Trainee: 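Quick one: the structure is below, and I'll ask about it shortly.
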Amino acid sequence: MDTVPLYIDTGNATGKQLPTSNIETGGKVKAPSGGTSSKEVHVEDFLTRHSTSVRPGERVSFGTYFNAFPASYWRRWTSLKSVRLSVATRGTGSVIVYKSNARGALQRVDSRHVDGVTTNTFDLSLAPFGDGGWYWFDLVAGSKELVLTEANWLGEGEEHTPGSITLEITTLNKVDFCINNLRILADAPEALQHVKELIIVDQGTQKVADAEGFAEVAAALEGKLRIINQDNLGGSGGFARGMYEAVNNGSDYALLMDDDVVVEPESISRLLTFADMCKTPTIVGGHMFDLYNRTVLHTFGEIVNPYRFQPDLPSEDMTLGHDFLSSNLRESSWLHRRCDVDYNGWWMCLIPTKIIREIGLSLPVFIKWDDAEYGLRAKEHGFPTVSFPGAAVWHVSWIDKDDLVGWQAYFHARNRFIAALIHSPYEFGGRVVRESQYADIKHLVSMQYATAEGRNMALRDLLRGPGGLHDLLPSKLPEIRNMMKQYPDSVMSPDPDSYPAPKLDKPPKHGHGVRQPSKLGLIPLAAKTVVRQLVQPVAPSSVNRPQANIAHQDNRWWRMSQYDSAVVSNAEGTGASWYKRNPQQLRKMLAESARLHAVLLKDWQKLSAEYKAAAKEISSFEAWQKTFDRHSESGQ
């Protein structure tokens, strides 16, 4: 019931809608107080996955994320010229069809009075949807209940056999998630109708095949499930294996999916139908909702900013973390503009094997930037990517993670540079080198020495060239973890009482402590901070006890740089580390960072040529097959 606003809403077609809340009361989901036009949503009104009832005198809208028709995407990327809406009902009332334009303005298109058992069709042109817009319909019940028996969006075209899919999930010790998704898929045979094979690439020590309930769910999948056990080669190693197997078994598509998700099974059919009808081979990805706040759309589409070479939003109007509980589709004008992207995250991404055969598999980069680089590579070969509305998974979001700090910092830094060296349109990568050095300084003045050393390791490996990337796949993460044990900022304790109570030698300035500087004050503060940390000795009292306890959300460089030691909680809230300032360490790492970035900038063009020349070979089937052979169990 906490996902109801993604499927139906009960507000007026053009008025301000008060979304449904996830507060359950006696089998009902009540809207929060303060609204004017929302109705209660009743559990018993949902009859099946495809059928619902509308109570006498009430109105239900299907102008929602999962039920509206994203007309502009079909117009832009497929050969479809029109769509037919078919609505089967039982009872008395009205079916009213609406559309929107790219600015989110709503327009009534058509309506039909219905009485008894009826099926009404509406032929709707896609011509007006050049830049954006959706179609949807509302149901209004008369004096008695009106039941939606079934509704479909239908496209005219030549008869064709739908493509076949290899659905691949890469997992590392997410056994419960995997079993849950296998059950969801087994219970949705229509979603698996065109799935040739369902592969789990298991790279963990806790094996899915050993889990309770595995035998039962495997039997329910009727021979479509196959487990491949291999060493931990990261996301890129797992997803490359999925691509590899999809090509070898003759599938038309590889559907890549993360392990820590809950899938909406209808999404599989939608991705396949859309991809089959695209004018050219197209990568089609699903969106990501927050698993623990299920009405929140984490991202609607992403590009790579070519100058900064960072993930970015395609439009200034877009927002991350849009909550449909607060603002439904019809109210959110930016959702009506078509969003054109560079890539789609591999939490759910359908890739035609024709593209894989032409451009190769993932780069061997373990994690981070593998999906973005692949989308850019496909784009350079003339293959677009579409992030497709109405297809999605619920994924563990990054709200409770900080992967720029800790062991993942190595992969963030190295792989961003690899992608920039291959794809940046700027002679020296735009701002990427400068921003990287700024990031090192921030980490160092924040006493995050393990993270800074990981980033320096990344640059050293980057400068060695692309030849060893496959060999680093299984070995680099253990090396990073061993390195991090040497630094107190990466040693975590779950018990807050394991650290001494904090105490400052002097009371906080003006009673409020450190405050965020203005934009104009950032550069002078940064310069002053670096100088102070380089020359000022550590306060003796801070050696044996921290000066403060810092919550993760307050772990900002301009605050942390003012302390000599502090206990800092992690993003997940499961523990804390004792950060300790070390001027000698700072001087050594800052000098190494400056040296490495200078070499990188000096050799940028040479390295760019090397990585571009090597990209085809290291992403090839032959290179990956050698890696799989070395790191897979016999017979897998």
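Keep in mind the model is a prediction, meaning the values are calculated, not measured.
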Trainee: Ignoring hydrogens and angles, state whether a donor on the side chain of Asp312 or Tyr307 is under 3.5 Å from an acceptor on the partner side chain.
Mentor: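 Asp312 vs Tyr307: no donor-acceptor pair found between side chains.
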Trainee: Indicate yes or no for a side-chain donor-acceptor contact from Asp260 to the backbone of Phe177 under 3.5 Å, with no hydrogens or angles considered.
Mentor: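 A pair under 3.5 Å: no.
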Trainee: Sequence neighbours excluded, which residues qualify as side-chain hydrogen bond (donor to acceptor under 3.5 Å, both in side chains) partners of Thr574?
Mentor: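 For Thr574 the side-chain hydrogen bond (donor to acceptor under 3.5 Å, both in side chains) partners, ignoring immediate neighbours, are Asn570.
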Trainee: Partners of Lys588 by side-chain contact (heavy atoms from CB on, under 4.5 Å), sequence neighbours excluded?
Mentor: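 Expected list: Gln585.
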Trainee: Quick one: do Asp259 and Thr171 satisfy side chain to side chain donor-acceptor pair (under 3.5 Å)? Show the steps, please.
Mentor: CA-CA 5 Å; Asp259 55 354; Thr171 188; 3.0 Å; yes
Trainee: Which distance, rounded to the nearest 0.5 Å, do you find between the OG1 of Thr282 and the CG of Asp276?
Mentor: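 Reported value, rounded in 0.5 Å steps: 11.0 Å.
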Trainee: Would you check if the distance from the ring center of Phe411 to the ring center of Phe366 is below 6.0 Å?
Mentor: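 Yes: the rings meet the under 6.0 Å criterion.
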Trainee: Check side-chain hydrogen bond (donor to acceptor under 3.5 Å, both in side chains) between His423 and all other residues, then give those that pass, not counting sequence neighbours.
Mentor: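 Partners of His423 by the side-chain hydrogen bond (donor to acceptor under 3.5 Å, both in side chains) criterion, ordered by chain and then number, come out as Glu373, Glu380.
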Trainee: What distance do Lys196 atom NZ and Glu245 atom CD have between them, rounded to the nearest 0.5 Å?
Mentor: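 Result: 12.5 Å between the selected atoms.
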Trainee: Considering only heavy atoms from C-beta outward, does the side chain of Val393 approach that of Val262 to under 4.5 Å?
Mentor: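 Val393 vs Val262: side chains apart.
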Trainee: Look at the side chain of Lys616 and the backbone N and O of Ala613, then say whether any donor-acceptor pair between them is shorter than 3.5 Å.
Mentor: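 Not at all, since once roles are kept as given, no pair shorter than 3.5 Å links the two residues.
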Trainee: Do Val491 and Ser577 make a side-chain contact, defined as non-hydrogen atoms from C-beta onward lying under 4.5 Å apart?
Mentor: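 With C-beta onward as the side chain, the pair stays apart.
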Trainee: How far apart are the C-alpha atoms of Ser569 and His552, what are their side-chain angles, what is the distance that settles it, and do they pass the side chain to side chain donor-acceptor pair (under 3.5 Å) test?
Mentor: CA-CA 5 Å; Ser569 58; His552 172 74; 5.8 Å; no
Trainee: Could you tell me whether Trp369 and Tyr343 have their ring centroids closer than 6.0 angstrom?
Mentor: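 Between Trp369 and Tyr343, the centre distance exceeds or equals 6.0 Å.
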Trainee: Using the ring centroid of each side chain, check whether Phe289 and Tyr65 are separated by less than 6.0 Å.
Mentor: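 Between Tyr65 and Phe289, which both carry aromatic rings, the centre distance is below 6.0 Å.
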Trainee: In Å, rounded to the nearest 0.5 Å, how long is the span from OG1 of Thr205 to CG of Asp202?
Mentor: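 Here the interatomic distance stands at 9.0 Å.
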Trainee: Tell me the closest heavy-atom pair linking Leu313 and Ile303, and the distance in Å.
Mentor: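 Closest approach of Leu313 to Ile303: O-CD1, 3.9 Å.
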Trainee: Can you tell me if Arg434 uses its side chain to pair, donor with acceptor, with the backbone of Arg431 under 3.5 Å?
Mentor: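 Looks like no, no N/O pair under 3.5 Å.
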Trainee: Would you say Asp495 and Ser493 are linked by a side-chain donor-acceptor pair, where the criterion is simply a distance under 3.5 Å?
Mentor: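 The criterion, which ignores hydrogens and geometry beyond distance, is not satisfied for Asp495 and Ser493.
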Trainee: When the side chains of residues 385-392 are checked against the rest of the protein, which donor-acceptor pairs come out under 3.5 Å, sequence neighbours left out?
Mentor:
{"residue": "Ser387", "atom": "OG", "partner": "Asn344", "partner atom": "OD1", "Å": "2.6"}

Trainee: Is the distance between the ring centroids of His287 and Trp347 under 6.0 Å?
Mentor: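 So the answer is no for these two rings.
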Trainee: Less than 4.5 Å apart, side chain to side chain, heavy atoms only: is that true for Leu6 and Trp394?
Mentor: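 Sidechains of Trp394 and Leu6: in contact.
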Trainee: Taking C-beta and beyond as the side chain, do Asp290 and His395 meet within less than 4.5 Å on heavy atoms?
Mentor: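 Not touching, per the 4.5 Å side-chain cut-off.
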Trainee: Does Arg241 count as lying over the ring of Trp624, i.e. NZ or CZ under 6.0 Å from the six-ring centre, within 45 degrees of the axis?
Mentor: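 Checked: cation-pi criterion not met.
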Trainee: Within the supplied structure, the quantity of interest is the number of heavy atoms (other residues, nucleotides, ligands) at a distance under 6.0 Å from Glu572 CD; does it exceed 12?
Mentor: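 Enclosed.
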Trainee: Identify whether the distance between the nearest side-chain nitrogen and carboxylate oxygen of Arg464 and Glu610 falls below 4.0 Å.
Mentor: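 Here Arg464 does not pair with Glu610 in a salt bridge, since their nearest N and O are not under 4.0 Å apart.
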Trainee: Looking at Gln206, is its backbone amide N or carbonyl O close enough to the side chain of Asn173 to form a donor-acceptor pair, meaning the two atoms are under 3.5 Å apart?
Mentor: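 Yes, the answer is positive, given that a donor and an acceptor are paired below the 3.5 Å cut-off.
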Trainee: Quick one: does Glu197's side chain get under 4.5 Å of Lys224's, heavy atoms only?
Mentor: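 No - every pair of side-chain heavy atoms lies 4.5 Å or more apart.
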Trainee: Answer yes if the side chains of Asp258 and Thr170 hold a donor-acceptor pair under 3.5 Å, and no otherwise.
Mentor: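 Distance-only check fails for Asp258 and Thr170.
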Trainee: Distance only, no hydrogens: is a donor on one side chain within 3.5 Å (strictly under) of an acceptor on the other, for Ser436 and Arg455?
Mentor: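 Note: Ser436 and Arg455 side chains meet the donor-acceptor criterion.
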Trainee: I'd like to know if the side chain of Ser593 pairs up with that of Asp440 as donor and acceptor (distance under 3.5 Å, no hydrogens or angles considered).
Mentor: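 Ser593 vs Asp440: donor-acceptor pair found between side chains.
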Trainee: Does the side chain to side chain donor-acceptor pair (under 3.5 Å) test come out yes or no for Ser632 and Asn229, once each step is laid out?
Mentor: CA-CA 6 Å; Ser632 298; Asn229 291 297; over 6 Å; no
Trainee: Which value, rounded to the nearest 0.5 Å, describes the distance between Met560 atom CE and Ile550 atom CD1?
Mentor: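 Those atoms lie 5.5 Å apart.
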Trainee: So, is the end of the Lys602 side chain (NZ or CZ) under 6.0 Å from the ring centre of Trp604 and within 45° of the ring's axis?
Mentor: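 Here Lys602 fails the 6.0 Å and 45° test against Trp604.
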Trainee: Do Asn181 side-chain atoms and Val263 backbone N/O form a donor-acceptor pair below 3.5 Å?
Mentor: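 Yes.
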Trainee: Between Ser446 (side chain only) and Lys442 (backbone N and O only), is there a donor and an acceptor less than 3.5 Å apart?
Mentor: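 Such a contact is found between Ser446 side chain and Lys442 backbone.
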Trainee: To the nearest 0.5 Å, tell me how far Arg595 CZ sits from Leu459 CG.
Mentor: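 Taking CZ in Arg595 and CG in Leu459, the distance rounds to 9.5 Å.
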Trainee: Answer yes if the side chains of Ser164 and Asp252 hold a donor-acceptor pair under 3.5 Å, and no otherwise.
Mentor: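 Result is yes, a qualifying pair exists.
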Trainee: Side chains of Leu182 and Leu221, heavy atoms from C-beta outward: is any pair under 4.5 Å?
Mentor: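 The answer is yes, as the side chains (C-beta and beyond) meet within the 4.5 Å cut-off.
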Trainee: Under the rule for side-chain contact (heavy atoms from CB on, under 4.5 Å), what residues qualify as partners of Leu472, not counting sequence neighbours?
Mentor: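 side-chain contact (heavy atoms from CB on, under 4.5 Å) check on Leu472 returns Tyr410, Arg414, Asp461, Ser475, Lys476.
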Trainee: Using 30° and 60° as the class boundaries, would you call the ring planes of Phe383 and His381 parallel, tilted or perpendicular?
Mentor: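 Plane angle under 30°, so parallel.
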Trainee: If you draw a 6.0 Å radius around NZ in Lys279, do more than 12 non-hydrogen atoms from other residues or ligands fall strictly inside?
Mentor: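 Above 12, so yes.
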Trainee: Run the side-chain contact (heavy atoms from CB on, under 4.5 Å) test against Leu463 and tell me which residues pass, sequence neighbours left out.
Mentor: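 Result, side-chain contact (heavy atoms from CB on, under 4.5 Å) vs Leu463: Leu596, Val599, Leu600, Leu607.
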Trainee: Between Arg226 and Leu198, is there a donor-acceptor pair closer than 3.5 Å when you use the side chain of the first and the backbone of the second?
Mentor: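 Such a contact is absent between Arg226 side chain and Leu198 backbone.
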Trainee: Ion pair present between Arg630 and Asp471, side-chain N to carboxylate O less than 4.0 angstrom?
Mentor: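 Salt bridge flag = yes for Asp471 with Arg630.
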Trainee: Got Glu264 and Ile184 here, is their nearest side-chain heavy-atom distance under 4.5 Å?
Mentor: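 Contact flag for Glu264/Ile184 side chains = no.
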Trainee: Would you find a donor on one side and an acceptor on the other, under 3.5 Å apart, between the side chain of Ser424 and the backbone of Leu421?
Mentor: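 Looks like no, no N/O pair under 3.5 Å.
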Trainee: Donor-acceptor pair, Asn415 side chain versus Val365 backbone, under 3.5 Å?
Mentor: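 Pair found, side chain donor or acceptor close to backbone of Val365.
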Trainee: Between the side chain of Asn180 and the main-chain N/O of Asp176, is any donor-acceptor distance below 3.5 Å?
Mentor: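 Side chain of Asn180 to backbone of Asp176: no pair is present.
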Trainee: Is there side-chain contact between Leu297 and Met288, with at least one heavy-atom pair below 4.5 Å?
Mentor: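 Sidechains of Met288 and Leu297: no contact.
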